[in-house]
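Worksheet: the structure to be examined is printed underneath.
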Amino acid sequence: MDLKQELNTTQYEAVTTTEGPVLVIAGAGSGKTRVIEYRVLHLIQNNIDPSSILLLTFTRRAAREMLFRASRHNTQCQDVDGGTFHSFAYRMLRKYSQSIGLSPSFSILDEGDSEEAIQRASSKHGVYEEKPGEKKRFPKKDTLKSIFSAVINKGFSVAETLNREYPHFLKFSPEIEKIRIGYEEYKKAKGYLDYDDLLIYLKSLLSDETTNEKISRRYRYIMVDEYQDTNRLQGEIVFALGSRHNNVMAVGDDAQSIYGFRGATHENIMRFPKEFPGCKIITLEKNYRSLQGILDVANPILENMEKKYPKRLISTQEFGGGRPIMNYFANAYDEAEWIAGTIRGFLAKGFPPDEIAVLYRASHLSIPLQAELAKNGVDFRVFGGLRFYELAHTKDVMAYLKIIANHKDELAWHRVLTMAEGIGPATADKIIEEINSGADMGTAMARVLGKYGAGHKYSAELKKLITFLNAASDKKHGIEEQLSLVIGYYTPIMEEKFDDWPQRATDLEALERLITHYHSLKEFLADLAIEPPEKRGIDFKTEDKSVTLSTIHSAKGLEWGTVFIIALADGYLPSQFALRDSAELEEEQRLLYVAVTRAKDNLWLSLPMETERADLPRVNKLCRFLAAPNVLGKISEMGGNY
DNA sequence: TGAGGTGGGTTTTTT
DNA sequence: ACCCACCTCA
């Protein structure tokens, strides 16, 4: 393949500079994934071992896209290693955990598990106990989790974090700090790693000289996409990975930085040339994606920002394309109905469904649309929001599997025990204490049965559960069989627990199909936490082409011929939570910029006028970033639907 | 004391 | 849809 024909001059330079540090600053749609794609190809054509190339990025979708595109041209590219920082961390830790004194039998806590663990850790500190005369407006577990996560990802203390983000909880600073330490100790004692720990342990793995040398010898070419979305910790990981050979390429666009809320910082881009002296900086400005009509809206959105981004995207397309169209509707249901009808019309005319996407700020905004699309018989896939593994019934089934994989997983036991009739949180804790004192599954279970197997109202139920878990743990079963045993046991519980159990039963079948790709329960459970299928139905039928529904965050790095952006009201975008802080507000503005630049040919904007929410004004106002005259002037407004 | 049901309040974005 | 505080019943 002649690279010079496939790439423009700057892209070519980025692709062929294979030795030494390179920083690529790339505008939206300027072909940065293309650069990574062809650089991998170029390296392999120059006899570089594909398994010595490592591609890293922050989101799973971007990681998948990157690896998929790279492997299109040359099958050897399939051996290129890569994924999210978290999945890479997991693999390295599995391999080298001993070198930092971490037990190799650690298990991963997903977000929900972490919150449970925090609650368990905090109850031991008695913070939730009511003191007389003191009303407890104490942060809830999910808030605690995000405080602790900010402490790690942004590098602030608990007090500083509270001061910046939760000033109303500042008075609880000492208690919260106590819980944080309790949570850390709890995880250490139980061998649990949460998402943040994966990165922390990876970093300490890389600061171990011997391990760093081993890893650096294996991965000689590092490429990081969406570098503006990495946080300090991830930046340090990149520096540590590249410190020995300096063959690191980072690709990013600070105008598309939308993960500030979790600690991503554009400082990583600024720091990169300092960490890697002699770094070559390449800027890509030509837009290959969108028609000029779309860029005419995107450019002023950038220009209106206080922080200046010097890029102005120029379309390379021959035809200008029409202006994006703004539609107003009475409410979200009218909006959904119209969009679903329009999409059905496009499909009827032969538009490929995988070239159509609907984007929105928050996942719940897609619910009316999901209903309308289903009514219209349009197949769609949903990205972002609640994930498959976070559904209550999936988590239930996984809890049984976690016990089978590790009989001391006390969070899993807690969930499983409280599902049994007559056992609530208090009894579950007593039983768990007994389990913890047994050295192996067999003795632990025997002790539990000895103590609670008779004489309580729940004894029969407990006996049934223990007998089942013992039988299902038998090594003679394959993992597929173990899963179907668990589902068999759980199904009556599910039918009791949920009115809509038939729908949930389908999800469990999907789980059965998914597990066939795995060899061990441990691997299956870890993957479900770190690289899970996106949502119901998704990934189980990837060959199907369907319309995409996605949060703007999850849409980054992707493109479609026709894009609808819905719910463009102040309060939704920008989110009402971002209104108080100018930095957060700018992030919302960049978010709109990202959304607009996803479109290649057609862009439809829309706004429902009526709010359902009591905390917003009754009549919506157009998103302030679109209402700016230099932006609005580039949009055709259609009032007719309202 | 603890299990389990009910009703009221809330819900951003990702790993 | 989920979480939590509160209530009732054994």
Side-chain angles (χ1 to χ4, degrees), chain A residues 56-63 83-90 108-116 119 128 130 135-138 140-143 145-146 149 152-153 193-199 202 226 229-231 233-234 257-264 359-365 367 383-387 389-393 395 417-430 456-458 461 496-500 504 528-532 534 550-556 567 571-579 584 587-588 590-591 594-595 612-615:
Chain A
L56 289 175
T57 191
F58 167 63
T59 62
R60 301 187 309 263
R61 281 196 85 183
T84 61
F85 278 89
H86 292 84
S87 71
F88 175 67
Y90 176 73
I108 307 291
L109 297 183
D110 66 38
E111 200 68 0
D113 297 333
S114 311
E115 287 170 16
E116 287 309 306
Q119 195 147 62
Y128 276 112
E130 215 168 334
K135 209 57 212 148
K136 15 138 221 208
R137 279 282 304 139
F138 198 77
K140 302 197 175 100
K141 57 183 180 179
D142 53 331
T143 312
K145 176 72 186 80
S146 59
S149 200
I152 288 163
N153 288 300
L193 265 63
D194 66 17
Y195 290 143
D196 296 329
D197 291 329
L198 285 170
L199 299 184
L202 173 59
E226 307 287 5
D229 289 334
T230 57
N231 61 33
L233 192 50
Q234 288 163 325
S257 155
I258 55 175
Y259 284 98
F261 71 92
R262 58 162 299 291
L359 309 181
Y360 35 82
R361 173 66 178 86
S363 45
H364 67 91
L365 294 168
I367 291 166
F383 291 93
L386 247 201
R387 266 167 286 280
Y389 75 101
E390 287 172 318
L391 301 169
H393 48 295
K395 297 208 71 164
L417 285 168
T418 49
M419 274 192 269
E421 216 171 317
I423 300 178
T427 311
D429 281 345
K430 277 192 245 162
H456 301 272
K457 59 178 176 179
Y458 51 78
E461 195 65 24
E496 178 67 28
K497 216 168 145 177
F498 304 105
D499 289 341
D500 60 345
R504 294 172 193 254
L528 229 40
I530 299 169
E531 308 233 39
E534 291 283 348
S550 177
T551 59
I552 301 172
H553 282 90
S554 293
K556 190 137 70 96
Y572 295 133
L573 203 167
S575 157
Q576 56 179 324
F577 302 103
L579 299 180
E584 282 181 60
E587 182 150 310
E588 300 285 311
R590 290 193 296 269
L591 202 52
V594 168
E612 296 101 76
R613 291 173 57 156
D615 50 348

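To find a chain, count down the sequence lines: A is the first, B the second, and so on, and within it residues start at 1.
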Euclidean distance, atom [atom1] of residue [X] to atom [atom2] of [N] [Å, nearest integer]:
| X | N | atom1 | atom2 | answer |
| --- | --- | --- | --- | --- |
| A/Phe58 | B/dT13 | CZ | C1' | 10 Å |
| A/Gln576 | B/dT11 | CD | C1' | 10 Å |
| A/Glu111 | B/dT14 | CD | C1' | 8 Å |
| A/Gln234 | B/dT14 | CD | C1' | 10 Å |
| A/Glu226 | B/dT15 | CD | P | 12 Å |
| A/Asp429 | B/dA3 | CG | P | 9 Å |
| A/Leu591 | B/dT13 | CG | C1' | 7 Å |
| A/Tyr360 | B/dT14 | OH | C1' | 15 Å |

- Message: Students often get this wrong, so: under 4.0 angstrom with heavy atoms, is A/Tyr259 touching a base, only sugar-phosphate, or nothing?
- Response: sugar-phosphate
Short side-chain N/O contact to [N] OP1/OP2 from [X], under 4.0 Å:
| X | N | answer |
| --- | --- | --- |
| A/Ser87 | B/dT15 | no |
| A/Thr551 | B/dT14 | yes |
| A/Lys140 | B/dT10 | no |

- Note on the structure: Against the side chain of A/Pro425, the closest entry in B/dT13, B/dA3, C/dC4 is B/dA3
- Query: Mapping A/Ala428 and A/Ile258 onto DNA chain B by nearest heavy atom, which one lands closer to the 5' end?
  - Reply: A/Ala428
- Query: In a check of ring-ring contact (aromatic ring centres under 6.0 Å, His included) between A/His553 and each of A/Phe261, A/Phe383, A/Tyr360, which one passes?
  - Reply: A/Phe261
- Message: Tell me every residue that passes salt bridge (Lys or Arg N to Asp or Glu O under 4.0 Å) with A/Lys457, counting only those two or more places apart in sequence or in another chain.
- Response: none
Got a list of protein N/O to nucleotides 4-9 of chain B N/O distances below 3.5 Å?
residue: B/dG4; atom: OP1; partner: A/Gly422; partner atom: N; Å: 2.5
residue: B/dG4; atom: OP2; partner: A/Ile423; partner atom: O; Å: 3.4

- To the nearest 0.5 Å, how far apart are OH in A/Tyr572 and CG in A/Leu365? 6.5 Å
- Show the numbers, then the answer: is there a salt bridge (Lys or Arg N to Asp or Glu O under 4.0 Å) between A/Asp113 and A/Lys395? CA-CA 10 Å; A/Asp113 297 333; A/Lys395 297 208 71 164; 3.5 Å; yes
- If you look at every heavy atom in A/Phe88 and A/Leu56, which pair is closest and at what distance? CB-CD2, 3.7 Å
- Query: For the residue pair A/His86 and A/Ile530, what are the closest heavy atoms and their distance?
  - Reply: C-CG2, 4.0 Å
